Amino acid sequence: IEISLQSGIVNSSQRIEIEIPKNAGSDLLKQINTELKKYPGEKQVAVLIPSNGGFKRLDLPIMVDPDARLLEKLEILLGPNTVKLGNQLI
């Protein structure tokens with residue numbers, strides 16, 4: 001009998017990471033959520049929340065298609081160098 005176990009670890013190339021600014025309010029978070037929902041797909045989304053001089057990663061229960069329009073809209077909302085696809089800044 002052969003048993004194979006699938007790891008719950010997601011390869012970083014399959015994840016979009018969004019850096020949330022310190023001063024982000026609920027309106028900005030709602031805008032981000034709205035944009036993410038417009039692009040359903042197969043890539044996991046994680047937000048990086050400022051915490052004690054670093055960041056805390058929070059995986060969101062949403063999967064998206066990292067379409068160029070989505071990535072552009074997120075950068076417009078959040079600023080440059082705030083969105084990463086895997087290990088690459090967008």
Side-chain angles (χ1 to χ4, degrees):
I1 297 175
E2 187 175 63
I3 299 174
S4 70
L5 299 175
Q6 286 189 335
S7 172
I9 298 172
V10 175
N11 181 329
S12 64
S13 67
Q14 296 177 336
R15 177 186 297 132
I16 295 174
E17 292 184 343
I18 302 169
E19 189 175 312
I20 304 297
K22 274 186 184 180
N23 60 349
S26 62
D27 286 343
L28 178 59
L29 298 176
K30 286 177 188 175
Q31 287 179 300
I32 294 167
N33 189 42
T34 298
E35 290 304 323
L36 292 173
K37 287 182 178 180
K38 290 179 184 177
Y39 297 89
E42 299 180 1
K43 302 286 184 194
Q44 185 176 13
V45 178
V47 292
L48 303 175
I49 301 169
S51 176
N52 298 327
F55 290 96
K56 181 176 181 178
R57 181 190 324 279
L58 176 65
D59 291 329
L60 300 181
I62 187 169
M63 304 287 273
V64 299
D65 173 15
D67 184 276
R69 292 170 295 183
L70 168 62
L71 302 176
E72 181 181 343
K73 287 179 182 181
L74 291 173
E75 288 238 323
I76 289 169
L77 289 172
L78 299 166
N81 302 320
T82 54
V83 181
K84 284 195 271 185
L85 181 55
N87 293 326
Q88 298 179 344
L89 283 172
I90 304 302

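This is a predicted model, so every value here is computed, not measured.
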Apply the test side-chain contact (heavy atoms from CB on, under 4.5 Å) to residues Leu74 and Thr82: give CA-CA distance (whole Å), side-chain angles for both, the deciding distance (0.1 Å), then the verdict.
CA-CA 8 Å; Leu74 291 173; Thr82 54; over 6 Å; no

CA sep, side-chain torsions, deciding dist, call: Ile32, Leu78, side-chain contact (heavy atoms from CB on, under 4.5 Å):
CA-CA 9 Å; Ile32 294 167; Leu78 299 166; 3.6 Å; yes

Carefully, step by step, assess Gln31 and Thr34 under the rule side-chain contact (heavy atoms from CB on, under 4.5 Å).
CA-CA 5 Å; Gln31 287 179 300; Thr34 298; 5.6 Å; no

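Contacts classified as salt bridge (Lys or Arg N to Asp or Glu O under 4.0 Å) and involving residues 18-31 (residues at least two apart or in different chains) are not found.
Atoms CG and CG, on Leu85 and Leu71 in that order, are 6.5 Å from each other to the nearest 0.5 Å. Interatomic distance, CG of Leu70 versus CD of Glu75, reported as 10.5 Å (0.5 Å rounding). Note: Glu17 CD to Lys43 NZ = 13.0 Å, rounded to the nearest 0.5 Å.
Qualifying side-chain contact (heavy atoms from CB on, under 4.5 Å) partners for Ile76, counting only residues two or more places apart in sequence or in other chains: Glu72. For Asn33, the side-chain contact (heavy atoms from CB on, under 4.5 Å) criterion is met by Lys37, not counting sequence neighbours. Lys38 pairs by the side-chain hydrogen bond (donor to acceptor under 3.5 Å, both in side chains) definition with Glu35, not counting sequence neighbours.
Phe55 belongs to a hydrophobic cluster whose remaining members, ordered by chain and number, are Leu48; membership requires side-chain heavy atoms of ILVMFWY residues under 4.5 Å apart, directly or through intermediates.
For Ala24 against Ile20, the heavy-atom pair with the smallest separation is CB-CG2, 3.5 Å. Of all heavy-atom pairs between Pro21 and Pro50, the closest is C-CG, 4.1 Å.
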Report all side-chain donor-acceptor pairs from residues 60-68 shorter than 3.5 Å, counting only partners two or more places apart or in another chain.
| unit_1 | atom_1 | unit_2 | atom_2 | d |
| --- | --- | --- | --- | --- |
| Asp67 | OD1 | Arg69 | N | 2.7 |
| Asp67 | OD1 | Arg69 | NE | 2.9 |
| Asp67 | OD2 | Arg69 | NH2 | 3.1 |

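Proximity of Ile16 to Val83: side-chain heavy atoms (C-beta onward) are separated by under 4.5 Å at one or more points.
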